[in-house]
Amino acid sequence: LGHVLLEAGRPGEAAGMLERALHRSRNLTLGEQGEIAGHLIRAYLASGQDHLARQVWQDQRRRDPSFDLKEYLRGSWED
């Protein structure tokens with residue numbers, strides 16, 4: 001649902017849904033967690049919350065060093 005809200009141009013609502021989904025995703029594979037994190041990062045960026053996008057990116061990279069944003073979105077905050 002979060003991804004649908006994001007695609008519908010409602011990034012703020014999408015972020016809330018995706019935050020909950022990511023929090024509940026600990027039993028999913030790293031790839032599935034990365035999928036959720038990628039959409040959450042997009043939602044944060046679309047709603048002007050770059051600092052939160054960066055935090056999710058850093059957290060996901062700690063969990064999964066192979067996590068790559070190229071299919072989602074790269075921002076200047078990535079370093």
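Nothing fancy with the numbering, it's 1 onward along the sequence.
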Trainee: Apart from Leu30 itself, what residues make up its hydrophobic cluster when side-chain heavy atoms of I, L, V, M, F, W and Y under 4.5 Å apart count as a link, directly or indirectly?
Mentor: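 Members alongside Leu30: none; it stands by itself.
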
Trainee: So, taking the atom named CZ in Phe67 and the one named CD in Gln60, what distance separates them when rounded to the nearest 0.5 Å?
Mentor: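 Between atom CZ of Phe67 and atom CD of Gln60 there are 5.0 Å.
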
Trainee: For the CD atom of Gln33 and the CG atom of Asn27, what is their distance to the nearest 0.5 Å?
Mentor: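 Gln33 CD to Asn27 CG: 8.5 Å, rounded to 0.5 Å.
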
Trainee: According to a hydrophobic-cluster definition based on side-chain heavy atoms being under 4.5 Å apart (Ile, Leu, Val, Met, Phe, Trp, Tyr only), do Leu22 and Leu6 belong together?
Mentor: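 Leu22 and Leu6: separate clusters.
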
Trainee: Quick one: list whatever passes salt bridge (charged side-chain N to carboxylate O under 4.0 Å, His left out) with Arg62, sequence neighbours left out.
Mentor: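 Applying salt bridge (charged side-chain N to carboxylate O under 4.0 Å, His left out) to Arg62 gives Asp59.
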
Trainee: Which residue pairs pass the side-chain hydrogen bond (donor to acceptor under 3.5 Å, both in side chains) test with at least one member in residues 14-23, sequence neighbours excluded?
Mentor: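 Output for this query lists Glu19-Tyr44.
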
Trainee: Output all residues satisfying side-chain hydrogen bond (donor to acceptor under 3.5 Å, both in side chains) with Ser25, sequence neighbours left out; order by chain, then residue number.
Mentor: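 Listed in chain order: nothing, the list is empty.
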
Trainee: So for atom CZ, which belongs to Arg24, do other residues, nucleotides or ligands contribute more than 12 heavy atoms lying within a distance under 6.0 Å?
Mentor: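 Not buried by this count: 12 neighbours or fewer within 6.0 Å.
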
Trainee: Does the side chain of Arg63 come within less than 4.5 Å of Gln58's, by heavy atoms?
Mentor: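 SC-SC contact between Gln58 and Arg63 ruled out.
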
Trainee: So which heavy atom on Leu18 is nearest to which on Gly2, and how close?
Mentor: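 Closest approach of Leu18 to Gly2, heavy atoms only: CG-CA, 3.9 Å.
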
Trainee: Share the residues that join Leu1 in a hydrophobic cluster, the rule being Ile, Leu, Val, Met, Phe, Trp or Tyr side chains under 4.5 Å apart at the heavy-atom level.
Mentor: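 Taking Ile, Leu, Val, Met, Phe, Trp and Tyr as members, Leu1 shares its hydrophobic cluster with Leu5, Met17.
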
Trainee: Check Ala43 against Pro11 and note the closest heavy-atom contact, atom names and distance.
Mentor: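 Where Ala43 meets Pro11 most closely, the heavy atoms are O-CB, 3.6 Å.
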
Trainee: When you look at His51 and Gln55, which way does the side-chain hydrogen bond (donor to acceptor under 3.5 Å, both in side chains) test go after all the steps?
Mentor: CA-CA 6 Å; His51 64 291; Gln55 186 63 54; over 6 Å; no

Trainee: When rounded to the nearest 0.5 angstrom, what distance separates CD1 in Ile36 from CD1 in Ile41?
Mentor: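 That separation rounds to 12.0 Å.
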
Trainee: Please collect all salt bridge (Lys or Arg N to Asp or Glu O under 4.0 Å) contacts where either partner lies in residues 7-18, sequence neighbours excluded, each pair once.
Mentor: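 Only Glu7-Arg42, Arg10-Glu13 qualify under salt bridge (Lys or Arg N to Asp or Glu O under 4.0 Å).
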
Trainee: From Gln49 CD over to Leu40 CG, what is the distance, rounded to the nearest 0.5 angstrom?
Mentor: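 Answer for the CD-CG pair, Gln49 versus Leu40, is 9.0 Å.
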
